[in-house]
Amino acid sequence: MRKFWLFLLPVILFAFEAKAYDVYGLYANFKRVGLDLGTSKVSNYREYEGSPNTEINQNTQGVLKGVFEFAFEYEQPKYRWDNSVYAEYGKSKIHGNSGKKSHVENADKLLFASDFTYKIWHLKQNKSDIGPFANIAYQTEFTADSGAKRQSLIRAQQGLKLINGTHGITDFHLAMVEEFDTTYDKDDTKTAWQIGLTYKYPFADKYRFEFETYYRDYMSYSRYEPTDFRYEWAAIAKLNVKVHDKFFVEPYVSYFRAEDRKNDKAGSNVVFGVAVAYSEIFDM
């Protein structure tokens, strides 16, 4: 319960990610096609070398990854239905336990998701909509890394969601989560609760500060798997700078922290970097 209130504090402080459309219909949203360059520091990576999560299973030094994020977004007065794909892949120079340098994956994620939100309430102050939502997603990797298993799972969420905000908290959700994990030889079903938000503050025409975070806490498991997380927390703060039309640059700092069932120490990853990307929306 203490973790819940510590995480809820930013929600209270920030006050009230999908883009709101003035004309209802179907849109093709190229959210991001870009390249991220940075440096990271991973804590307790030795304890997590067998984890399928690439963010904490290596002591990465340099980060270079490509990112692609695309969605078909269908906006109507009473509901919104998004179908998206997110992909990232990158390799890093690392210093392993033996002291030798090598190159391994520092980012490897492929996520397909479908998200439906039914609009019940409308907030005039930031033009946002609130209602129940359901999300189904499949998450995997392009390749396995560091002798760990290749991650593969289906995740379903149901809860309450705020969408389409134009400023302040533009996206917020509180949900129950069910995961069907096929990463290992024996399937594993897990139940969790999750909270997350996106905060945006535009200023000076070409600049926008953004903060995104989520916290997921696992409550039950169908069986014991040592590398299953007890909880995970991810956050990223970035400054979006529009440099030309649809192109932008984003200095950022990101943080990921998780603790699995076999370790008392949490693994964490801090990244300082800059992204160069392109985004565009097409009316279908």
Side-chain angles (χ1 to χ4, degrees), residues 16-36 66-89 109-139 155-175 196-203 205-214 236 238-250 252 275-284:
F16 286 92
E17 150 105 20
K19 177 179 173 61
Y21 296 107
D22 295 328
V23 179
Y24 296 121
L26 180 64
Y27 293 84
N29 188 349
F30 286 89
K31 295 185 176 183
R32 177 187 295 267
V33 181
L35 188 68
D36 290 15
V67 179
F68 174 80
E69 187 174 5
F70 172 81
F72 282 114
E73 300 173 336
Y74 187 56
E75 185 87 41
Q76 289 296 305
K78 288 294 185 180
Y79 65 88
R80 182 185 179 99
W81 186 26
D82 296 343
N83 294 278
S84 63
V85 57
Y86 175 88
E88 65 175 27
Y89 188 81
K109 185 176 183 180
L110 183 59
L111 178 67
F112 301 94
S114 183
D115 188 286
F116 182 88
T117 303
Y118 185 74
K119 304 173 186 177
I120 295 180
W121 303 285
H122 181 74
L123 299 180
K124 293 183 179 180
Q125 54 265 42
N126 70 341
K127 299 181 180 180
S128 60
D129 300 293
I130 303 175
F133 85 100
N135 176 289
I136 184 73
Y138 174 66
Q139 182 175 329
R155 180 182 298 116
Q157 301 182 46
Q158 288 184 325
L160 191 67
K161 195 171 191 178
L162 179 149
I163 60 173
N164 291 341
T166 56
H167 61 276
I169 292 184
T170 60
D171 180 284
F172 171 81
H173 71 269
L174 180 63
L197 66 89
T198 300
Y199 176 86
K200 295 183 180 180
Y201 179 74
F203 62 97
D205 294 331
K206 294 184 178 181
Y207 302 93
R208 185 175 68 244
F209 170 77
E210 298 183 14
F211 176 77
E212 300 176 38
T213 186
Y214 76 86
I236 181 169
K238 52 191 175 182
L239 179 64
N240 182 288
V241 182
K242 185 178 179 181
V243 293
H244 178 70
D245 196 17
K246 303 298 180 181
F247 292 89
F248 58 91
V249 174
E250 283 184 340
Y252 69 89
V276 180
Y278 161 86
S279 66
E280 178 65 285
I281 297 175
F282 297 96
D283 185 350
M284 303 296 287

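The analysis underlying the following values was restricted to heavy atoms, covering all of them including side chains, and did not include hydrogens, waters or symmetry mates. When a residue number appears, it is its place in the shown sequence, counting from 1.
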Would you please name every residue forming a side chain to side chain donor-acceptor pair (under 3.5 Å) with Tyr252, sequence neighbours left out?
-> none
Sorted by chain and residue number, the side chain to side chain donor-acceptor pair (under 3.5 Å) partners of Ser114 (sequence neighbours excluded) come out as Trp81, Asn83
Return the minimal non-hydrogen interatomic distance between [X] and [Y], and the atom names on each side.
| X | Y | value |
| --- | --- | --- |
| Ala87 | Leu110 | CB-CD1, 3.8 Å |
| Pro132 | Leu160 | N-CD1, 3.9 Å |
| Lys31 | Ala71 | CE-CB, 4.1 Å |
| Ile136 | Ala156 | CD1-CB, 3.9 Å |
| Pro77 | Lys119 | O-CD, 3.4 Å |

Phe203 and Tyr207 aromatic ring geometry - parallel, tilted or perpendicular at 30°/60° bounds = parallel
State, yes or no, whether a side-chain contact exists between [X] and [Y] at a heavy-atom distance under 4.5 Å.
| X | Y | result |
| --- | --- | --- |
| Asp171 | Lys161 | yes |
| Phe133 | Gln157 | yes |
| Tyr74 | Tyr79 | yes |
| Leu123 | Leu162 | yes |
| Ile130 | Ile120 | no |
| Glu88 | Arg32 | no |
| Tyr86 | Gln139 | no |
| Phe68 | Val85 | yes |

From [atom1] ([X]) to [atom2] ([Y]), nearest 0.5 Å:
| X | Y | atom1 | atom2 | value |
| --- | --- | --- | --- | --- |
| Asn29 | Phe72 | CG | CZ | 10.5 Å |
| Phe116 | Asp82 | CZ | CG | 10.5 Å |
| Lys238 | Lys200 | NZ | NZ | 8.0 Å |
| Ile236 | Glu250 | CD1 | CD | 7.5 Å |
| Tyr199 | Glu210 | OH | CD | 11.5 Å |
| Gln76 | Tyr24 | CD | OH | 8.0 Å |

Quick one: do Phe30 and Phe282 satisfy side chain to side chain contact (heavy atoms under 4.5 Å, CB included)? Show the steps, please.
-> CA-CA 8 Å; Phe30 286 89; Phe282 297 96; 3.7 Å; yes
Who are the salt bridge (charged side-chain N to carboxylate O under 4.0 Å, His left out) partners of Glu69, not counting sequence neighbours?
-> none
Taking only residues two or more places apart in sequence or in another chain, which ones pass salt bridge (charged side-chain N to carboxylate O under 4.0 Å, His left out) with Asp36?
-> none
Under the side chain to side chain contact (heavy atoms under 4.5 Å, CB included) rule, collect the residues that match up with Lys246, sequence neighbours excluded.
-> Tyr278, Glu280
Contacts of type side chain to side chain contact (heavy atoms under 4.5 Å, CB included), residue Tyr138, not counting sequence neighbours | Phe112, Thr140, Ser152, Ile154
Less than 4.0 Å between a side-chain N and a carboxylate O, is that true for Asp129 and Arg80?
-> no
Should we count CG of Asp205 as having more than 12 external heavy atoms under 6.0 Å?
-> no
Check whether any side-chain N or O of His122 sits under 3.5 Å from a backbone N or O of Ser128 as a donor-acceptor pair, and report yes or no.
-> yes
